[in-house]
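We number each residue from 1, following the sequence as shown.
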Amino acid sequence: MGGGAEPRPVAVRPGPGLRIARLVTELTAPAVLVSLLMIAVSWHSSPGGGRGLAWGLLATLFVTGIPFAYILGGVRRGRFTDHHIGRREQRRVPLLVGLGSVTAGLALLTVLGAPRPLLALAVAGLVGLVVAVSVSHWWKMSIHSAVAAGTLVILAMTFGRGFLVAAPLLAVVGWSRVRLRDHTVPQVLAGGVVGALIAALAFGLLR
């Protein structure tokens with residue numbers, strides 16, 4: 001788990017599950033889950049649907065929109081291998097860009113008087129990025145699993161524990177990352193535990 005170069009990737013074995021794994025990975029990409037979560041939390045915490053939607057879209061711009069646009073630009077220029085940034089050594093700069101964008105967005109949301117649960121969600125995202133930047137220097141923890149687990153925890157805390165029945169879906173997300181050879185089982189498990197803890201502590205204490 002040292003900070004050396006990533007080992008040469010092993011070819012993914014073709015099979016009926018490969019297409020499903022790719023679909024799951026795309027549908028549960030951090031940018032997708034966080035964007036939907038931002039809008040859901042802001043809608044729930046704001047009087048009037050239109051106002052909540054506006055808060056959610058503004059938060060999404062800084063938390064996922066700007067960072068993802070930077071990643072796509074890097075992919076087009078050949079700086080990154082793909083929009084999931086599969087190689088650990090390529091992750092640091094995009095994560096730092098995300099950290100700066102989320103910080104700026106959080107400051108703006110605070111000044112404008114955004115709903116407290118939305119601010120708590122942004123803080124949880126900020127803490128998650130700090131952890132991801134730190135860990136990615138020496139290990140490729142699964143951000144997919146971290147965000148998926150954190151999303152489930154926050155949904156349960158916001159809308160009710162009934163959402164916990166979806167917990168088995170976290171295993172599907174982890175399976176897709178391992179099936180595509182993007183992560184190992186320990187990297188997936190670590191991501192899930194870290195994401196759930198950050199969501200429970202940061203969002204739970206501040207909302």
Side-chain angles (χ1 to χ4, degrees), residues 1-10 12 21 24-26 28-35 37-38 62-72 74-75 79-106 120-154 167 169-206:
M1 294 190 297
E6 288 286 286
R8 182 174 298 177
V10 180
V12 179
V24 171
T25 282
E26 294 299 332
T28 60
V32 174
L33 292 183
V34 173
S35 297
L37 185 61
M38 284 282 176
F62 285 92
V63 176
T64 60
I66 293 174
F68 194 60
Y70 174 81
I71 291 172
L72 290 181
V75 172
R79 293 183 59 191
F80 309 133
T81 53
D82 61 272
H83 63 283
H84 295 301
I85 315 180
R87 297 194 63 83
R88 177 181 56 80
E89 64 269 20
Q90 296 178 354
R91 288 186 162 195
R92 188 171 181 82
V93 174
L95 287 173
L96 288 173
V97 170
L99 189 60
S101 182
V102 173
T103 301
L106 179 59
L121 181 54
V123 170
L126 190 63
V127 174
L129 281 169
V130 170
V131 172
V133 169
S134 303
V135 173
S136 67
H137 181 68
W138 53 275
W139 201 44
K140 190 185 170 188
M141 183 179 69
S142 174
I143 297 178
H144 267 77
S145 292
V147 172
T151 296
L152 182 60
V153 169
I154 290 172
L169 294 178
L170 299 179
V172 178
V173 176
W175 164 81
S176 74
R177 306 307 290 145
V178 175
R179 177 66 177 85
L180 294 174
R181 301 287 179 88
D182 284 325
H183 290 285
T184 63
V185 172
Q187 289 168 347
V188 163
L189 293 176
V193 171
V194 170
L197 285 175
I198 290 174
L201 293 175
F203 183 78
L205 291 174
L206 296 176

Response to the item:
For His144, the ring pair (Phe, Tyr, Trp, His ring centres under 6.0 Å) test, sequence neighbours excluded, returns His84
Worksheet item: Do you know which two heavy atoms are closest between Ser101 and Ile66, and how far apart they sit?
Response: OG-CB, 3.5 Å
Item to complete: Could you tell me whether a side-chain N or O of Arg88 sits under 3.5 Å from a main-chain N or O of His137, the two making a donor and an acceptor?
Response: yes
Worksheet item: Is there side-chain contact between Leu95 and Ile143, with heavy atoms separated by less than 4.5 Å?
Response: yes
Worksheet, complete the sentence: Correct closest heavy-atom pair for Phe203 and Leu121 would be CD1-N, 3.6 Å
Practice prompt. Please name the pair of heavy atoms, one in Ala167 and one in Leu152, separated by the smallest distance, quoted to 0.1 Å.
Written response: CA-CD2, 3.5 Å
Discussion item. Contact between Leu126 and Leu99 at the side-chain level, heavy atoms closer than 4.5 Å - yes or no?
Written reply: yes
Fill in: Any donor-acceptor N/O pair, Lys140 side chain to Asp182 backbone, under 3.5 Å
yes
Worksheet item: Taking atom NE2 of His183 and atom OG of Ser142, what is their separation to the nearest 0.5 Å?
Response: 4.0 Å
Worksheet item: What pair of heavy atoms forms the shortest contact from Arg91 to Ile85, and how long is it?
Response: NE-O, 3.2 Å
Practice prompt. State the CG-CH2 distance between Leu170 and Trp175, to the nearest 0.5 angstrom.
Written response: 15.0 Å
Fill in: Minimum heavy-atom distance between Leu106 and Ala122, given as atom pair plus value
CD1-CB, 3.8 Å
Discussion item. Show the nearest heavy-atom pair for residues Gly98 and Pro67, with the distance to one decimal.
Written reply: CA-CG, 3.8 Å
Discussion item. Rounded to the nearest 0.5 Å, what separates atom OH in Tyr70 from atom CG in Leu96?
Written reply: 9.0 Å
